[in-house]
Amino acid sequence: MRKSYRQYIHVFKKIKPFLYLGILYLVISLIIRTIFFFHPITTASFSFFEIIKVLFVGLVNDIFVFILASAILALYFLFLSDSKYRKPYGYIIFGALLLFFLYIWLIPNNIFKQYGGSVTEVALAFVGIKTFSSD
């Protein structure tokens, strides 16, 4: 079954912020790499082919870094609204958040305590607010 034009527009509207952020990220990293090539501290000299190769490898690296960062941003957007709890899979999300909250609270040697300081309290407060907040 073919998708209509409106369905494509609907999908494009959902990914538009990611496209804008991706383009901005790639342009800024290209500018920074170019500045580093011509910076006086750079003592190595590069041929034109080596510059193109470095820029290409940097572009590929930046694309993959942005994909990872976008996945985190997409998860954040998923948990931004409380309407998810009114849907059937809301019970699964609530259960996962509750288990994560209990993990932070009850397990004495959890990953947040490994970092030390007040990281555990911040994580506990954040997950607690996300778990137990409502409209």
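Residue indices begin at 1 and follow the sequence shown. Quantities reported herein were computed from a predicted structural model and do not represent experimental measurements. Reckoned from all heavy atoms, side chains included, excluding hydrogens, waters and symmetry mates.
- Taking CZ from Phe132 and CG from Leu97, the interatomic distance works out to 9.0 Å, rounded to the nearest 0.5 Å.
- Residues satisfying the ring-ring contact (aromatic ring centres under 6.0 Å, His included) criterion with Phe37, sequence neighbours excluded, are Phe46.
- Taking hydrophobic clusters as Ile, Leu, Val, Met, Phe, Trp and Tyr residues chained together by side-chain heavy-atom distances below 4.5 Å, Phe126 shares a cluster with Leu98.
- Looking at residues two or more places apart in sequence or on another chain, you find a side-chain contact (heavy atoms from CB on, under 4.5 Å) between Ile9 and Tyr5, Lys13.
- One distance of note links CD1 of Ile23 with CD1 of Ile28; it measures 12.0 Å at 0.5 Å rounding.
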Enumerate, atom names and distances included, each donor-acceptor pair closer than 3.5 Å involving a side-chain atom of residues 48-73, sequence neighbours excluded.
unit_1 : atom_1 : unit_2 : atom_2 : d
Glu50  : OE1    : Ser47  : N      : 2.9
Asp62  : OD1    : Arg33  : NH2    : 3.4
Asp62  : OD2    : Ser29  : OG     : 2.3
Asp62  : OD2    : Arg33  : NH1    : 2.7
Ser70  : OG     : Phe66  : O      : 2.8

Would you list the atom pairs, donor with acceptor, under 3.5 Å between side chains in residues 100-112 and any protein atom, with sequence neighbours excluded?
unit_1 : atom_1 : unit_2 : atom_2 : d
Tyr103 : OH     : Ile111 : N      : 3.2
Asn109 : OD1    : Gln114 : NE2    : 2.3
Asn110 : OD1    : Phe112 : N      : 2.9
Asn110 : OD1    : Lys113 : N      : 2.9
Asn110 : ND2    : Ile104 : O      : 2.9
Asn110 : ND2    : Ile107 : O      : 3.2

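- Residue Leu124 holds its CG atom at 10.0 Å from CD1 of Ile129, rounded to the nearest 0.5 Å.
- Partners of Phe36 according to the ring-ring contact (aromatic ring centres under 6.0 Å, His included) rule, which considers only residues two or more places apart in sequence or in another chain, do not exist here.
- Residue pairs meeting the salt bridge (Lys or Arg N to Asp or Glu O under 4.0 Å) criterion with at least one member in residues 97-112: none, sequence neighbours excluded.
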